[in-house]
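Contents: one structure, followed by commentary.
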Amino acid sequence: MSETYQPHAIEVKWQRKWDETKLYRSEVDWDKPKHYALTMLPYPSGDLHIGHWFAMTPSDARARWMRMKGYNVLFPMGFDAFGLPAEQAAISRNIHPWKWTYANIERMREQLRSMGAMFDWEREAISCTPEYYKWSEWFFKRFYEQGIAYRGSAMVNWSESLQTVLANEQVIDGKDERTGQPVVHKMMEQWFFAITKYADELLDFEGMDWPESIKIMQTNWIGRSEGARATFHTEIGKHPIEIYTTRPDTLWGATFMVLAPEHDLVDKITKPEQRAAVAEYIHETALETEIERMLEHREKTGVFTGAYAINPVNDERIPIWIADYVMITYGTGAIMAVPAHDQRDFEFARAHDLEVRVVIQPEAMAEPLTSDSMTEAYDGPGVMVNSDAMDGSLSTWRKGRKNPAINRVIDWLEATGKGEEAVNYRLRDWLISRQRYWGGPIPMMYDGDEIIPVPDEDLPVELPEDVDFMPTGRSPLTYHEPFFKVNDSVRRETDTLDTFMCSSWYQLRYLSPDCDTAPFDAEEAAYWLPVDVYTGGAEHAVMHLLYTRFFTKVLRDIGVYADAAAAMRRHGRDPEGAFDEPMTVLRNQGQVLGGERQGDFVLCSGRVVGERMQADRVEVVDWNQVPAGFDGIFGEIAHRTEDVLHVNMAGVTQFVEVLPDAGIIIPEIPGENNVNQLRHHLDIQRMSKSKGNVVNPDELVEKYGADVVRCYLMFNFDWQKGGPWNENNIKGPQGWLHDVWEIATAGPPSAEGDAAAERDIERKLHQTIAVINRGLKEFSFNTAIAEQMKFKNALKAALRDDCIGAEVWRGVMNQMIRLLAPFAPHIAEEMWLRLGWDYSVHSQPWPEYDAEKAREEMVDLVVMINGKPRETISVAVDIERERAQELALSSGAAQRSLGGKAPKRAIFIPGRNGTDPKVNIVV
RNA sequence: GCCUCCGUAGCUCAGGGGUAGAGCGCUCCCUUGGUAAGGGCGAGGUCAUGAGUUCAAAUCUCAUCGGAGGCUCCA
């Protein structure tokens, strides 16, 4: 009689043993193929979330699989430990960020250990340690020397409430994600990285196995466009105004110009009589929040500067306006406005009574376009008109030089010196200064206007500890004289580095976290780089994942990998291309969401009009509490679109339109309510503390054991999609592991065994290996586990029927446990030990798939009549066409439907990889 | 508005031109000395909708509807 499966005891035992025996220590071994598996490092918030488990344990399973397949696997872990929450904790709870962060890291290390992952803790790196940020600073200096890091002014997201610049990712819907306060735009002098210099190279994903969606997002984010640059002058011949356009073929239709309100020239060209109005407008736009700017269908506002420009292509005099629909951050911050062929310009022209002139005439239109008849801009193809020598050129849908009209105009612009071909990017340089304390110091000093880098030997510039955390919203460093005052004239930079800079190179620090002579050890880098598989959330698509690619390319160009390349050559490996990209394969996991929720139960009363009720009163009541005599619609809200409720009334959906002035009564929300506050069913939502639907992994491990939780996460979701949490479903994997345990610990069966049944189990085992291999390769963990469940079911049935002898049982156990090891490492290790095999199952080779053993001998030949299956005939697996057709035609089904006549045709479809052979008889 | 992905059993998901699949849940039966459990049998699907291609479409194409994510005055 076997012991029942008790996860806790065995899990803790094995975690300890793995540590003690350094089972997962990864060391350079040039004789073995390497595999660098990496999962995005967590922020030490203090509690491991179920999302971390979901991201990390499948990656761990895959890394374990690679290891068993004979690779030398590196699977490190660390912490992205700088960031605002630590500083907030310091302000609100008076705990120093160091203390808060380190305490959290301690706690999270323990939680991470409970996963049973094969992390090599000797390679742990923590970005907020001086040993780490010394090299972040060092990189900054190298970037500065190469002109990649520079100080410049730019429009930034400024939070008035926090008195700091915010990163783009911290601005959600125009509001600061922490305080919910609106964000404004402000011109500020800051440090930047010239990521735009790498825009073209970053658009090249050659050889990268990354999700298509990420490549597309990065491509869109970089936003390369092709067109032309042209220079307009003011009518007095001064002040050249550079413009960029993707439609140089519409230059002759430019009837005015617009500058962004922040444009440098605004002040210079504005005429005295317009000065007051212009100043007023600039002031208003500066106060505008991101939210206001994002409103759809905004009225196109703007002010005339009083100045005129000369259109270089036709010498026409056109007015210069300023308007906030032109962004200082895109292109040159100034445009030529062609209202006839650009919707925004059209709206502006109509709002301010400016000329609209057609210069592209569509060919296949009944009525030619005229400015009077147009109700919107026309941006389709056509023939150039009103464009002097260019008239008649054909403009197509194509962009850039591929458009004949654009091609011709660019040639002409270049020949006449009025403009030139140009490429523009939406991508902006990376703003890396933060007005915060808890970040890597920027190793720069100022003597007046002069910028002085901190000498390398003085790195790292360390963060002072004895600072006052006052809730001023400003970095304590700006008040800390010993820090910023170098001497009477030299002042140290008090801004700190964006944390994304620290996480742009952590994959390098893992290689040698203790190295103090260089950011990483060349020999280690030569062996392990690049990262072979990187897993993490898609939310980092255009931030972290773009930055780290950029970083890698800069390091390559400034020679940081030179020693590593030399080491590779020494070991006979070609360094060509090894340092161009940080990660070869990328996969994103989805998100585990909160479970579904019941909708409100409502009583609706009003008038019934046709199919639906127009309700003037909706009351939320206790579930199923319908007062006697109520004759309206009642039930659960299944769905809501705008103000139409889909009410599930005893299984029938009733539609209720809630009138705008309807009374809505929700007992737990006193006062006036509106239709948006009604809750509908099936609302799958993010987990958050405020919603009370957070799943705590520690409790789950306590309840079910780590192996069950791992398997549940891998089995119950499509990993790349995620989905709603449903703890009921954990019973599936739980039952599976219990059964496997039962089978393994029950000891060998006493039965004789049946050769056919044993052969069948062997066949199923090999078929299972094939599916697991494919599942792991393709990150389809759920299918890999489902197949093992099926195998267990088959094995269990065979054992029950006393078909399996001891010897076969032992062989099957040996392979089955190895197959299970990557998914449920603890239970596999324990069963392996109990069956008397040597430590450790994780050091065993992965079971070899044998196609011969997986092969079926007999299969069902499917007889189809006109494509519909009618009958099956058991045949040999390698049946030939002629024999199959013969058999099919003589089958009962065929005889019946043919009725003595000859078939039109009989199509044989050989069975391949698991499908049965078929013959389709067309009658 | 634009781009990407997705609609298969009650739920979560495989499959992907050739017989509709898994786990959970559910029905019924057995066990009640593995018991906040175990075993067995079974039901359940117009593969979102409509058209096209094909001997054959859940699968390929197009359109429509619905869902998720990203970008968004990008000149």
Side-chain angles (χ1 to χ4, degrees), chain A residues 1-4 211-217 219-221 223 225 227 243-247 250 258 293-298 300 323-327 329-338 342-345 347-348 424-427 538-539 541-542 588 590-591 593 595-596 639 641 684 712 715-726 728-736 738-739 742 771 775 780 782-787 789-790 793 796 800 860 862-872 903-912 914-923:
Chain A
M1 181 87 340
S2 61
E3 229 177 277
T4 52
E212 212 51 40
S213 60
I214 299 284
K215 295 187 202 170
I216 289 166
M217 273 192 251
T219 302
N220 292 343
W221 186 263
S225 72
I243 61 108
Y244 168 77
T245 176
T246 53
R247 292 296 304 276
T250 64
V258 186
R293 285 204 156 202
M294 284 180 15
L295 284 178
E296 273 182 54
H297 308 300
R298 284 185 79 214
K300 290 271 179 301
D324 66 358
Y325 82 90
V326 173
M327 306 290 149
T329 51
Y330 186 80
T332 59
I335 63 159
M336 63 154 183
V338 185
D342 180 283
Q343 185 59 23
R344 297 153 300 176
D345 297 343
E347 286 165 20
F348 191 84
N424 190 57
Y425 301 93
R426 177 186 174 279
L427 180 74
E539 66 274 17
V542 292
N588 300 121
Q591 210 171 18
L593 300 162
E596 83 184 54
H639 192 71
T641 338
I684 292 164
Y712 166 69
F715 173 67
N716 221 263
F717 302 86
D718 173 342
W719 186 73
Q720 302 189 57
K721 246 189 336 205
W725 180 260
N726 181 353
N728 269 338
N729 289 342
I730 207 164
K731 285 184 192 161
Q734 188 186 26
W736 169 51
H738 273 88
D739 278 358
E742 286 287 318
V771 175
S780 177
N782 47 354
T783 60
I785 289 184
E787 204 63 18
M789 288 178 172
K790 282 197 226 172
N793 289 343
K796 198 172 162 185
R800 191 185 52 235
D860 285 341
V862 181
V863 180
M864 301 197 293
I865 310 295
N866 291 335
K868 300 275 173 263
R870 288 285 178 262
E871 196 173 313
T872 60
K904 247 187 179 164
R905 54 201 289 203
I907 298 145
F908 174 68
I909 308 104
R912 49 170 194 279
T915 68
D916 293 331
K918 288 144 199 109
V919 173
N920 187 17
I921 297 166
V922 185
V923 192

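Quick note on labels: first sequence line is chain A, next is B, and so on, each numbered from 1.
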Between A:Arg905 and B:rA56, is there a side-chain N or O to OP1/OP2 distance below 4.0 Å?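 Negative; the distance criterion is not met.
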Side chain of [X] only, please: which of [options] is the nearest?
| X | options | answer |
| --- | --- | --- |
| A:Asn220 | B:rC3, B:rC71, B:rA75 | B:rC3 |
| A:Lys796 | B:rG39, B:rU12, B:rU4 | B:rG39 |
| A:Tyr244 | B:rG40, B:rA75, B:rG34 | B:rA75 |
| A:Lys731 | B:rU12, B:rA75, B:rC24 | B:rC24 |
| A:Asn920 | B:rA56, B:rC73, B:rC6 | B:rA56 |
| A:Val922 | B:rC73, B:rC55, B:rG39 | B:rC55 |
| A:Phe715 | B:rC24, B:rG23, B:rA75 | B:rG23 |
| A:Ile907 | B:rA75, B:rC55, B:rG23 | B:rC55 |

Between [N] and [M], how far apart are the two [atom1] atoms, rounded to whole Å?
| N | M | atom1 | answer |
| --- | --- | --- | --- |
| B:rU59 | B:rU8 | C1' | 11 Å |
| B:rU46 | B:rC11 | P | 13 Å |
| B:rA14 | B:rA9 | C1' | 13 Å |
| B:rC41 | B:rC47 | P | 28 Å |
| B:rG52 | B:rC13 | C1' | 30 Å |
| B:rG23 | B:rG15 | C1' | 15 Å |
| B:rA58 | B:rU49 | P | 10 Å |
| B:rA75 | B:rA48 | C1' | 40 Å |

Within this structure, what is the [atom1]-to-[atom2] distance between [X] and [N], rounded to whole angstrom?
| X | N | atom1 | atom2 | answer |
| --- | --- | --- | --- | --- |
| A:Gln734 | B:rG25 | CD | C1' | 15 Å |
| A:Ile214 | B:rG69 | CD1 | P | 15 Å |
| A:His738 | B:rA36 | NE2 | C1' | 13 Å |
| A:Lys215 | B:rC71 | NZ | C1' | 19 Å |
| A:Asn782 | B:rC11 | CG | P | 18 Å |
| A:Gln720 | B:rC6 | CD | C1' | 13 Å |
| A:Glu787 | B:rG23 | CD | P | 11 Å |
| A:Asn793 | B:rG40 | CG | P | 9 Å |

Nucleotide-level pairing of RNA chain B, given in dot-bracket where Watson-Crick and G-U pairs need both distances under 3.5 Å and | marks other strands: (((((((..((((....[..)))).(.(((.......))).).....(((((..]....))))))))))))....
What are the two closest non-hydrogen atoms of [X] and [Y], and how far apart are they?
| X | Y | value |
| --- | --- | --- |
| A:Gly227 | A:Tyr244 | N-OH, 3.5 Å |
| A:Gly775 | A:Ala784 | CA-CB, 4.4 Å |
| A:Ile243 | A:Thr332 | CA-OG1, 3.5 Å |
| A:Tyr425 | A:Tyr330 | O-CE1, 4.0 Å |
| A:Thr783 | A:Val771 | O-CG1, 4.0 Å |
| A:Asp345 | A:Ala337 | OD2-CA, 3.3 Å |

Indicate yes or no: at least one non-hydrogen side-chain atom of A:Ile907 is less than 4.5 angstrom from one of A:Met864.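 No. Closest side-chain heavy atoms not under 4.5 Å.
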For A:Asp342, is there an ion pair with A:Arg247 - N to carboxylate O distance below 4.0 angstrom?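 Salt bridge absent between A:Arg247 and A:Asp342.
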Output yes when A:Arg344 and A:Glu347 qualify as a salt bridge under the 4.0 Å nitrogen-oxygen rule, no when they do not. no
5'-most by nearest nucleotide on RNA chain B - A:Arg426 or A:Lys790: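 Nearest-nucleotide comparison on RNA chain B picks A:Lys790.
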Nearest-nucleotide comparison on RNA chain B, the residue closer to the 5′ end among A:Ile335 and A:Met217: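 It is A:Met217 whose nearest nucleotide is closer to the 5' end.
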Touch class at under 4.0 angstrom, heavy-atom based, for [X] against every strand present:
| X | result |
| --- | --- |
| A:Gly722 | sugar-phosphate |
| A:Lys300 | base |
| A:Ile216 | sugar-phosphate |

Base orientation of B:rG34, syn vs anti, 90° cut from 0: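 For B:rG34, whose glycosidic angle is within 90° of 0, the conformation is syn.
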